[in-house]
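As structure tokens, the structure follows; a few thoughts come after it.
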Amino acid sequence: MVEDVDVIVTASLARLAGDHTISQTAVRQRLLGVEQHLKTVSETAAPLRVSAGALEAGAIEGQLTAVWSLSIHTRHLVGAVERAIRAGIAPTAHDADWAELSAATSENVAALMATLSDRVPGADRRGVGVGEVDAGRESAAAIEAVLDEVARINQTLLTLLDDVSPGAVSASDEVVARVGT
């Protein structure tokens with residue numbers, strides 16, 4: 001599921017950057033895959049949700065909440081990207097930002113996947129920071145919505161990473177998206 005989220009984020013930001021080879025249908029189909037994985041995870045975890053300690057910090061309820069959050073923010077990102085495209089965001093205005101956001105998300109996914117595979121995550125996890133947006137009111141709102149969702153996805157990835165491997169995420173790895181209008 002996490003790898004699907006990475007593909008969706010990468011594809012969505014590439015679409016926003018003007019890559020017309022990636023269809024909205026392909027992104028939405030991948031999103032359906034995430035929803036199927038989420039359903040499977042929720043069903044598999046059902047017995048654990050009623051066990052002793054399920055509500056403690058780092059326990060199953062917190063982890064499920066993070067997984068649900070990851071799915072929700074990924075779905076919201078797809079919608080925000082589509083709204084930004086319809087609003088006429090100029091692809092060349094923010095190419096470097098989209099590539100950087102995509103790379104940071106991929107690094108965070110790779111760190112989480114490494115940890116889940118009992119490997120040490122790379123030392124270079126990075127937060128997501130975006131400078132001020134210089135665009136018209138509608139364009140700035142559309143870009144801000146995309147940036148907010150990417151930041152939330154990365155915050156969730158880092159939260160999951162810290163739940164699986166306490167101490168793997170330092171305070172300096174915190175995800176921040178700054179958007180000015």
Note: Val50 and Pro47 closest approach over all heavy atoms is CG2-O, 3.2 Å

Identify the two heavy atoms, one from Glu149 and one from His73, that lie closest to each other, and give their separation to 0.1 Å.
OE1-ND1, 2.7 Å

Honestly curious: do Leu38 and Val9 fall in one hydrophobic cluster under the side-chain, below-4.5 Å linking rule?
yes

Checking Asp162 side chain against Leu158 main chain: does a donor-acceptor pair fall under 3.5 Å?
no

Side-chain heavy atoms under 4.5 angstrom apart, residues restricted to Ile, Leu, Val, Met, Phe, Trp, Tyr: same cluster for Ile85 and Ile143?
yes

Would a hydrophobic clustering, with Ile, Leu, Val, Met, Phe, Trp and Tyr connected at side-chain separations under 4.5 Å, put Ile60 with Leu160?
yes

In this structure, are over 12 heavy atoms from other groups packed under 6.0 Å from Glu3 atom CD?
no

For Met113 versus Val2, what's the shortest heavy-atom pair and its separation?
SD-CB, 4.1 Å

Provide the closest heavy-atom pair for Ala87 versus Ala142 in the form atom of the first, atom of the second, distance.
CB-CB, 4.4 Å

From Leu70 atom CG to Asp4 atom CG, the distance as rounded to the nearest 0.5 Å:
10.5 Å

Nearest-0.5 Å distance, CG of residue Leu112 to CD of residue Glu107:
14.0 Å

Determine whether Met1 and Ser71 satisfy the following criterion, side chain to side chain contact (heavy atoms under 4.5 Å, CB included), listing intermediate values before the conclusion.
CA-CA 9 Å; Met1 177 181 148; Ser71 172; 4.1 Å; yes

Rounded to the nearest 0.5 Å, how far apart are CD1 of Ile22 and NE2 of His20?
10.5 Å

What do the steps show when you test Leu31 against Ile8 for side chain to side chain contact (heavy atoms under 4.5 Å, CB included), and what is the final call?
CA-CA 7 Å; Leu31 194 56; Ile8 292 168; 3.9 Å; yes

Atom pair CG/OG1 of Asn154 and Thr159 - distance to nearest 0.5 Å
10.5 Å

Can you list every pair that meets side-chain hydrogen bond (donor to acceptor under 3.5 Å, both in side chains) and has a residue in residues 38-48, with sequence neighbours left out?
Ser42-Trp68

Thr10 and Thr105: CA distance, side-chain angles, deciding distance, side chain to side chain contact (heavy atoms under 4.5 Å, CB included) verdict
CA-CA 8 Å; Thr10 300; Thr105 302; over 6 Å; no

Determine whether Leu64 and Ile153 fall in the same hydrophobic cluster, where Ile, Leu, Val, Met, Phe, Trp and Tyr are linked whenever their side-chain heavy atoms lie under 4.5 Å apart.
yes

Rounded to the nearest 0.5 Å, what's the gap from CG on Leu101 to OG on Ser12? Could you check?
12.0 Å

CD of Glu100 to CG of Leu13: how many Å apart, nearest 0.5 Å?
11.5 Å

Where do Ala111 and Leu161 come nearest, in terms of heavy atoms and distance?
O-CD1, 3.7 Å

For Ala99, is there any backbone N or O sitting under 3.5 Å from a side-chain donor or acceptor partner on Ser102?
no

Residues Ala66 and Thr156: closest non-hydrogen pair is O-CG2, 3.0 Å

Name all residues meeting the salt bridge (charged side-chain N to carboxylate O under 4.0 Å, His left out) criterion together with Arg28; count only those two or more places apart in sequence or in a different chain, and write none if there are none.
none

